[in-house]
Amino acid sequence: MRFKEALSRAAALLQEKGIHCPRLEGEVLLSWASHFTRPMLLARLEEEMPPPVHFRFWPALRRRLQGCPLQYTIGYQEFMGLKFKVSPGVFIPRQDTEVLVEALLDRLDPGRKWVIADCGTGSGAIGLSLAHHLSQAVILATDVSPKALAVARENARLLGLLSRVIFLAGPYLKPLKGYRVDVLVANPPYISQEELASLPPEVRWEPLLALSGGEDGLEAYRHLIPEAPKVLKPGGLMALEIGHLQGEKVIDLIRSSSSYQDPVLLRDHGGRERAVLALVKHSLQRG
Ligand code: SAM
Ligand code: GLN
C-alpha cells in the first residue's frame, strides 16, 4: 500500500466519524507514524509505506476513531511554537492561552531575573514558554496533580529549561508559601457545572480536575484572587485566563479585594474575553 492509499482510507474513516478536518488529521497521524514532516509526507505520497509505519499508523488511527484526542494519540501539542508532551491525565494546552503568554511577554523585560509562579501548570505550557522567552527568569510551576507535574518536568527537560524551573505540588497557592514572586500566572479550571455537561465528547478524555471550576466556574478565582497578594511582591502582576463570559465577575472579585490596582481585561483574536491582569498595590498592608 502506498502512503497515498493509507491517507485516503484514513481520511474516509475519520470523516465517517464526523471528525472536523479528516484529511488534515490523516496527514498529521501519517506524518507522525512515518517520522516525516507534513511537507515530506506530501512529497512522498506515491511511495510504498514501509512495515514499521503500518505498525504505528493503524493502531493510532484506531484510537483516534475511538474518540481519543489527536494530541493524546500522537503524544504532543504545539504551544507558542514549542513542542509539549501530553498524555491522558494532563490538560492539552490550547491556542487561546497564547494570548495570556503574549501579554506577559509584552510587559516583561527579557533581561530581568523575574520570579514567576505558574499555578496549575499542567503540561507546563505557560511557565515553560515564559522560561524559554525570558532567559533570566525562574519559574515556580505548581499543580495539584502529580501526573501533570511529572509531565511538566519532562517537558522542561526536553526544552532544556530544568535548571530554571522549580516544581511544587499542592492546591492553589499553598505550595508557594514562603516565596515572593513578581508574577503569578494561572489558567485555572473555569468551566461551570452546566457548561461541563455540554462539552464535546473529546474534551471528556481530559482530566475533570483541569476543567471543572465548581458550580459557577469561578471557584479557583475565589481562592487565587484573595490569596495572590500574599505571594506577590508589592507592584507584582497577577495574570489569569478566564472563560469568555467571566470577565465582569472576575473583575468584581478583584475589585472587592482592596489589594489591587484597577484590573485590565484582555480579549483574544476573536474579540472574546480571555484574560484579566491586575497589579498588586505598592502600599499594601500585609497581614
Ligand atoms: N496551565 C496549563 C495550560 O494552560 O495548558 C494547564 C491548565 S488546566 C486548564 C488547569 C490545571 O490546574 C490542571 O493542570 C489541573 O491539574 C490544575 N489544578 C486544578 N485544580 C487545582 C488546584 N486546586 N490547585 C492547583 N492546581 C490545580
Ligand atoms: N478552554 C478550555 C476548554 O474550553 C477550558 C480551560 C479551563 O478550564 N481553564 O476546553
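Excluded from the calculations below are hydrogen atoms, water molecules and symmetry mates; all remaining heavy atoms, backbone and side chain alike, are included. In this chain, residues are counted from 1 in sequence order. Whatever order the structure lists ligands and atoms in, that order sets their numbers, starting from 1.
Summarising the geometry, atom CG belonging to Leu149 is positioned 8.0 Å from atom CG belonging to Leu168; distances are rounded to the nearest 0.5 Å. Taken to the nearest 0.5 Å, the CG atom of Leu108 stands 5.5 Å off from the CD1 atom of Ile116. To the nearest 0.5 Å, atom CG of residue Leu211 and atom CD of residue Glu195 are 10.0 Å apart. To the nearest 0.5 Å, the span separating CG on Leu240 from CG on Leu100 amounts to 8.0 Å.
Relative to the six-membered ring of Tyr76, Lys83 meets both conditions, a distance below 6.0 Å and an angle of at most 45° to the axis.
Protein residues with a heavy atom under 4.0 Å from ligand 1 are Phe91, Pro93, Thr97, Gly120, Thr121, Gly122, Ala125, Ile126, Asp143, Val144, Ser145, Gly170, Pro171, Tyr172, Asn187, Pro189, Leu209, Ala210. Contacts of ligand 2 (protein heavy-atom distance under 4.0 Å) are Phe91, Arg94, Asn187, Pro188, Pro189, Tyr190, Ile191, Ala210, Leu211.
Aromatic ring pairs are classed by plane angle as parallel below 30°, tilted from 30° to 60° and perpendicular above 60°; the pair Tyr190 and Tyr221 is parallel.
In the hydrophobic cluster analysis, where Ile, Leu, Val, Met, Phe, Trp and Tyr join through side-chain heavy atoms closer than 4.5 angstrom, Phe79 is grouped apart from Ile74.
Each of Gln246, Gln193, Arg222, Lys249 was scored for a side chain to side chain donor-acceptor pair (under 3.5 Å) with Asp216, with one residue passing: Arg222.
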Next on the checklist: With side-chain contact (heavy atoms from CB on, under 4.5 Å) as the criterion, how do Val250 and Leu265 come out once you've worked through the C-alpha distance, each side chain's angles and the decisive distance to 0.1 Å?
Outcome noted: CA-CA 10 Å; Val250 171; Leu265 178 66; over 6 Å; no

